[in-house]
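Taking it in order: structure first as structure tokens, then the write-up.
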Amino acid sequence: MRMIKVVPLPCPTYLYIPHPHKIEASSSSTQKSRRAFSLSALSISLSALVFSNGNGPTTSISWANPQVPKFLELPNSGGVKALDLRIGDGETPIDGDVVAIHYYGRLAAKQGWRFDSTYDHKDETGEPIPFSFVLGSGKVISGIETAVRSMKVGGLRRVIIPPSQGYQNTSQEPLPPNYFDRQRLFTTIFNPTRLANGEGATLGTVIFDIELFDDDGRFCGFADREVMAEEGGRSFARRNQLLDIEKQVHKWWTEGDVFRAEPKESPPKVGEKFFGNFPFPYMNGYLHLGHAFSLSKLEFAAAYHRLRGARVLLPFAFHCTGMPRKASADKLSREISRFGNPPVFPVVKEEESVETEVKVEAEGNQGLPGGNFKGKKSKVLAKTGGVKYQWEIMRSYGLSDEEIARFTDPYYWLTYFPPLAVEDMKEFGLGCDWRRTFITTDMNPYFDSFVWWQMRKLKASGKIVKDLRYTVYSPLDGQPCADHDRASGEGVIPQEYTLIKMEVLPPFPPKMSVLEGKKVYLAAATLRPETMYGQTNAWVLPEGKYGVFEINDTEVFVLTYKAALNLAYQRLSRIPEKPSCLLELSGQDLIGLPLRSPLAFNKTIYTLPMLSVLTEKGTGIVTSVPSDSPDDYMALHDLKSKPAFRAKFGVKDEWVLPFEIVPIINHPDFGDRSAERICIEKKIKSQNERDKLDEAKKTIYKGGFYEGTMIVGEFAGMKVQEAKGLIRSNLLEMNQAVIYSEPEKKVMSRSGDECVVALTDQWYLTYGESEWRKAAEECLASINLYSDETRHGFEHTLSWLNQWACSRNFGLGTRIPWDEDFLKGDMYGNDHSSVKPEQLTDEIWEFLFCNGPFPENSSISSSLLKEMKQEFDYWYPFDLRVSGKDLIQNHLTFCIYNHTAMFPKHHWPRGFRCNGHIMLNSEKMSKSTGNFRTLRQAIEEFSADATRFALADAGDGMDDANFVFETANAAILRLTKEIAWMQEVLSAEPSLRNGPPSTYADRVFANEINIAVRTAEKNYSEYMFREALKTGFYDLQSARDEYRLSCGSGGMNRDLLWQFMDVQTRLIAPICPHYAEYAWRELLKKDGYVIKAGWPEADLPDLTLKKANKYLQDTIISMRKLLQKQVSGSKKGNVNLNSQNKPTVGLIYVDEQYGGWKKECLGILQRKFDTSTGSFAPDKEILSELQKSDIAQQGNFKQIQKLCMPFLRFKKDEVLSVGVQALDLRLPFGEIEVLEKNSDLIKRQLGLEKLEILSMIDDALEIAGPHAAVVRQNPPSPGNPTAIFL
């Protein structure tokens, strides 16, 4: 049976047909209880350690015991030596206890290099973050476990750990968080050269300083995710608080059915509805953070529109069509047939093996938690990583053998993974209407019917045709291998060659005598058939493996097996799809064969050796045209000039020496012997100078093809690019060549075999057809893409995309309606709906989606049909589809094409938002390296909201984004601390200042809230979620913190704090909805749901007030630095401002307006600034204007110029950074007024008892006394007051 591959046709996720089938998944957890200890390291300099050559290390510690202490070897420790610097008096931990450590680790090598310290790992408050582990778990190096086991609480110990008890591999903890520190550590410890030289004892020895203490007398239990957790090494109380909140919020949302999407009866107004969707993820494993990152963009957008009051539809579906599941299921079946059930795999015995932790390289996105296991592998296998057998992959997920056997049925994958994905997305907080979810394939008859209608409609309009076409093909699967059916090689397309038939002239050598009576050809693949006139020989790789393969009953080709396999699938083999090899030969066997080659002016040429021939590319036979190929020229030159080289391969002089360059093409820059000339100019001496030859080849080929002229043959005088096709056609018509195609790069199918190019009879969508492409380009022009880079990607794809196969005969899918040999590319469509699949005829779909006539003969009630159509008309078109940028070249462009073919313009897509890939902690996310997280793992490790927070912070553009674990951990701290702060404020509400906001600080804070509302709205509406997080959360938090400091004894205003808490809760709701919902209901005691609360109202921001506040804060900072300098006498002094010698009186001198020569300079710049271009006139004009000014007439112009030019340059630069307002004579606010209103704040911040704000125009310098000179030397100017302290 053949099936249709699913291509991105318009999806029916917007249409809800009542369906009782639910997707459910259950999970269980095991709870354990352990005691927990805390460890704190003491930071001690390595210089205290003194190593002796004979008796081991000793130490001298000047601040401890004056006697020289001795290290003692711990019993049964494998050589771990310890020095107790302080004996504790508390309990001793036992295996199973959770211990949190602060460590200070050093390497004995590298001059005692400190590779890591937990004191460098700070939380949001600046406190060091401990590292935790379960004693006896084996996760940390054994030397640390040994040391801790014999310590008591309160003890302080230094340990020297030998290599055997230290790092045995690169996954053991504790690990430096910095990538480069890890690299330095492990390249030192595991340096193979130095290990071979016997330096292992020095390289792998590490020293740790450790203190064990009882954290406030409490022991932390391990049951039910209490305070400590095994996986992360730190307290998880805050994380668990968020998880508990999320669990409660999910109940509220379920009770309120908050994500149910219902249309209105009337058409939606602008902004009234939002319909977004997401390309269906493959369902052969858990969703991972890569899925979550792209999905978060859609989720945040939908949540923003929901918050604003729009009706939001966010459906979800699962891609079960295609190869991944079928390929994996077939692998399991083959393993059972070979090795039994459960399979017993053969053990590969090696003399040397290494212990390694294997990270499972799973198929597709089979990234389930627990995908790691340990085992013995050979060093060769250890380097390759991954798992050989599919069964072992499934075992690594924690599945039993009995359960794994069920996965031999590809449809079992469809019932296993989609429910788990739904469960994970619900935990994530996805605002999906889960009534509107489904899977693809013929397992869902509703989806089948929908796809059938589309395919019939496209075929009827001539958009689907059947044709012979070269396509990447999997021999094992027996069908074309599309991008998403590939394990590697996505985006690779067929590369077409002309295969030149170079006839081998008789008599044949003895090894080829069996070929007498047949036409024998060396088949050379070329991209430049127009150069065949200049052939002087053919090249082969002497040690290459070749075969003689039957093409038909009379002709045989000499080429590589790989090329023969491709030809066999291109109908060029006597036995279809199977190379028929008559004889195996080496390249050496072919050297010296006389050949007659098409178009060659040399009637007979010979086969010669070339050391750079690639047998993995083309056929392994290469034509030689030294006139236009630098490679050929140098290889022939080497053979001619080096008799020893000829003798090595048995090359006779007459095969080489008589042959000279045959000019065939006139190159505009290098003449008619272009290869020879460029090799001379670049001083290339040998065929081994690859870099120079590659550069020369690029130059000659490009110029020769685009600008060269043929000077020989039938098409002499014609441009090369025009003649090429004509020459190729002649060669094919005269049967002197055939068309040959192979993948341009290696492609591996998900079934595990290497793909070929086959000439297949397939159904194709006629993408690229001129009229259809024009419609697609028109559609693209109307779509909001949010990025120029995205638009360029679509434009490039439309420029090359051509016919695309839409059918296969292997894998899961929907059967093509007019050809049962093919497949088409309740969740499961079980027959419990009020509408049956068989009722959904093409007439129904036409009526629902394309305004077709009402289907009078339908058995579906007219009221239900009208309701279904009203749903579609309300929601469609979709407003946003979010996807990774890699889908531009296929899925998203297909979506544009298919919409233009199926729908009228008003139903074409409105928006695509594409993003880059996601990195984890600045490194590529990869299962094989272990730098990988499923969505489920991330939620368990950080909570859903902290995960969402870090995803929002990861990045917004097309560049690869970065999910940072520390950002997620910081989010846990921020969110939980904010809850605590809100609880504190609400409990202290009676003590807050009542009444309307009245103080300067109140006005500033209220203004910052207004600014946050406006800027966050702009960022959310443009789907710039990182910026929305900054403006709607970070900046707002900073404004709140500043407000707390500014209020002083008067206290904070109650109404403003309530406004702040309300606004912040709403602004963060799209990104952290669980936290926001909890704060809304439990803390603020608001009715309804925050996710639908409406966008907060805000007054117009007062930008002048914002500038005034920035002026105030900058002034306080500069004065603090000045005060520190004055007290300490040094810029770098770290001074306690409360010290007794600290000044207590501050004088701030202000000059609010420029005057004199500065005023004149600003006037000149104002006149010479072009507001339309944002630029100044040339400096010559400005200087000329200065020379004409009044100040220039008052004295020596050179002195005036020397005075004014630095100021002019400074102000010009300032305009570029802050705008034309830098040329104003005064600031838009009164500086003295701002400083006077905030004098209490300034005094409090600087610890002053008295503060005076003085104007320079009042001649108040006498107040400064002897310090007046300071003011004269540094006079104030607008925006830059001068302060002195007494």
Review point. Tyr1043 and Asp1002: side-chain hydrogen bond (donor to acceptor under 3.5 Å, both in side chains), yes or no, with the steps?
Key: CA-CA 8 Å; Tyr1043 178 60; Asp1002 289 348; 2.5 Å; yes
Practice item. Evaluate side-chain hydrogen bond (donor to acceptor under 3.5 Å, both in side chains) for Asn1109 paired with Glu1042, printing each intermediate quantity in order. Key: CA-CA 10 Å; Asn1109 186 56; Glu1042 182 183 295; 2.7 Å; yes
Review point. Is there a side chain to side chain contact (heavy atoms under 4.5 Å, CB included) between Asn921 and Val964 once you walk through the steps?
Key: CA-CA 5 Å; Asn921 300 320; Val964 181; 4.0 Å; yes
Exercise for review: Could you give me the CA-CA distance, side-chain angles and deciding distance for Leu1112 and Leu1241, then say whether side chain to side chain contact (heavy atoms under 4.5 Å, CB included) is met?
Suggested key: CA-CA 10 Å; Leu1112 172 64; Leu1241 171 63; 4.1 Å; yes
Practice item. For Ile1071 and Leu951, run side chain to side chain contact (heavy atoms under 4.5 Å, CB included): C-alpha distance rounded to whole Å, both residues' side-chain angles, the deciding distance at 0.1 Å, then the answer. Key: CA-CA 9 Å; Ile1071 294 173; Leu951 287 170; over 6 Å; no
Point to revise | Check against side chain to side chain contact (heavy atoms under 4.5 Å, CB included), Phe1169 and Val1220 | key: CA-CA 9 Å; Phe1169 182 75; Val1220 70; 3.7 Å; yes
Point to revise | Derivation of the ring pair (Phe, Tyr, Trp, His ring centres under 6.0 Å) call for Phe1229 and Tyr1111 | key: CA-CA 10 Å; Phe1229 53 85; Tyr1111 164 83; 5.4 Å; yes
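For the pair Arg1272/Leu1261, a side-chain contact is recorded, criterion being any heavy-atom separation below 4.5 Å from C-beta on. Glu966 has its side chain within reach of Ile129: a pair of non-hydrogen atoms, C-beta onward, lies under 4.5 Å apart. Between Leu1246 and Arg1120 the shortest side-chain heavy-atom distance falls below 4.5 Å. For the pair Gln983/Leu1083, a side-chain contact is recorded, criterion being any heavy-atom separation below 4.5 Å from C-beta on. The closest side-chain heavy-atom distance from Pro1276 to Val1150 is not below 4.5 Å. Between Lys297 and Asp956, some side-chain heavy-atom pair lies under the 4.5 Å cut-off. At least one side-chain heavy atom of Gln1064 sits less than 4.5 Å from a side-chain heavy atom of Gln1037. Annotation: side chain of Glu272 is in contact with side chain of Lys264 (closest heavy-atom distance under 4.5 Å).
Heavy atoms of other residues, nucleotides or ligands lying less than 6.0 angstrom from CG of Asp1170 number more than 12. The 12-atom threshold is exceeded at NZ of Lys1211, counting heavy atoms of other residues, nucleotides or ligands nearer than 6.0 Å.
The closest donor-acceptor contact from the side chain of Ser943 to the backbone of Ile939 lies at 3.5 Å or more, if one exists at all. Put simply, the side chain of Arg993 never gets that close to the backbone of Cys1047: no donor and acceptor are under 3.5 Å apart. Between the Ser1038 side chain and the Tyr1034 main chain, a donor and an acceptor come within less than 3.5 Å of each other. Between the side chain of Asp1151 and the main chain of Met1256, no donor-acceptor pair closer than 3.5 Å is present. Between the Asn1053 side chain and the Asp1055 main chain, a donor and an acceptor come within less than 3.5 Å of each other. Trp1080 places a side-chain N or O within 3.5 Å of a backbone atom of Asp1087 that can act as its donor or acceptor partner. Side-chain atoms of Gln1153 never come within 3.5 Å of backbone atoms of Leu1225 as a donor-acceptor pair (strictly under, hydrogens ignored). With Tyr1020 contributing its side chain and Leu1067 its backbone, the two residues share a donor-acceptor pair below 3.5 Å. Asn1007 contributes no side-chain N or O that, together with a main-chain N or O of Arg1003, makes up a donor-acceptor pair within less than 3.5 Å. Looking at Arg948, its side chain does come within 3.5 Å of a backbone N or O of Pro1070 through a donor-acceptor pair.
Shortest non-hydrogen contact noted between Leu314 and Gly431 is CB-O, 3.5 Å. The two atoms that bring Thr1282 and Asn1274 nearest to each other are OG1-O, 2.6 Å, heavy atoms only. Of all heavy-atom pairs between Cys1072 and Leu975, the closest is SG-CD1, 4.1 Å. Here the closest heavy-atom approach between residue Leu1162 and residue Ala1222 is recorded as CD2-O, 4.3 Å. When all heavy atoms are compared, the tightest approach of Asn1019 to Glu1027 is ND2-O, 3.4 Å. Closest approach of Ala1283 to Phe1285, counting heavy atoms only: CB-CZ, 4.2 Å.
Ring pair Phe1033/Phe949: centre-to-centre distance below 6.0 Å.
Separation of atoms CD (Glu299) and OH (Tyr304) is listed at 15.0 Å; rounding is to 0.5 Å. The CG atom of Asp945 sits 13.5 Å away from atom CZ of Arg239, with the distance rounded to the nearest 0.5 Å. Ile1182 contributes atom CD1, which lies 12.5 Å from atom SG of Cys1204 (distance to the nearest 0.5 angstrom). Distance check, rounded to the nearest 0.5 Å: CG of Leu307 to CD1 of Ile1068 gives 11.5 Å. With values rounded to the nearest 0.5 angstrom, Thr1031 atom OG1 is found 9.0 Å from Leu1036 atom CG. A distance of 13.0 Å separates CZ of Arg306 from OH of Tyr1089, quoted to the nearest 0.5 Å.
Under a 4.0 Å N-O distance rule, the pair Glu1022/Lys1018 qualifies as a salt bridge. For Asp1062 and Arg1066, the salt-bridge test passes: some basic side-chain N is under 4.0 Å from an acidic carboxylate O. Comment: Asp879 does not engage Arg913 in a salt bridge, judged by the lack of any side-chain N to carboxylate O separation of less than 4.0 angstrom. Using a 4.0 Å cut-off between charged nitrogen and carboxylate oxygen, Arg308 and Glu1017 count as a salt-bridge pair. Ion pairing between a basic and an acidic side chain is recognised when a charged N comes within 4.0 Å of a carboxylate O; Glu1233 and Lys1237 show such pairing. Looking at Asp1240 and Lys1243, a side-chain N of the basic residue comes within less than 4.0 Å of a carboxylate O on the acidic one, giving a salt bridge.
Note: Tyr1023 and Tyr786 have tilted aromatic rings, judged against thresholds of 30 and 60 degrees for the angle between ring planes. Between His250 and Trp253, the ring-plane angle classifies as tilted under the 30° and 60° cut-offs. Classified by interplanar angle (parallel below 30°, tilted 30° to 60°, perpendicular above 60°), the ring pair Phe1025/Phe300 is perpendicular.
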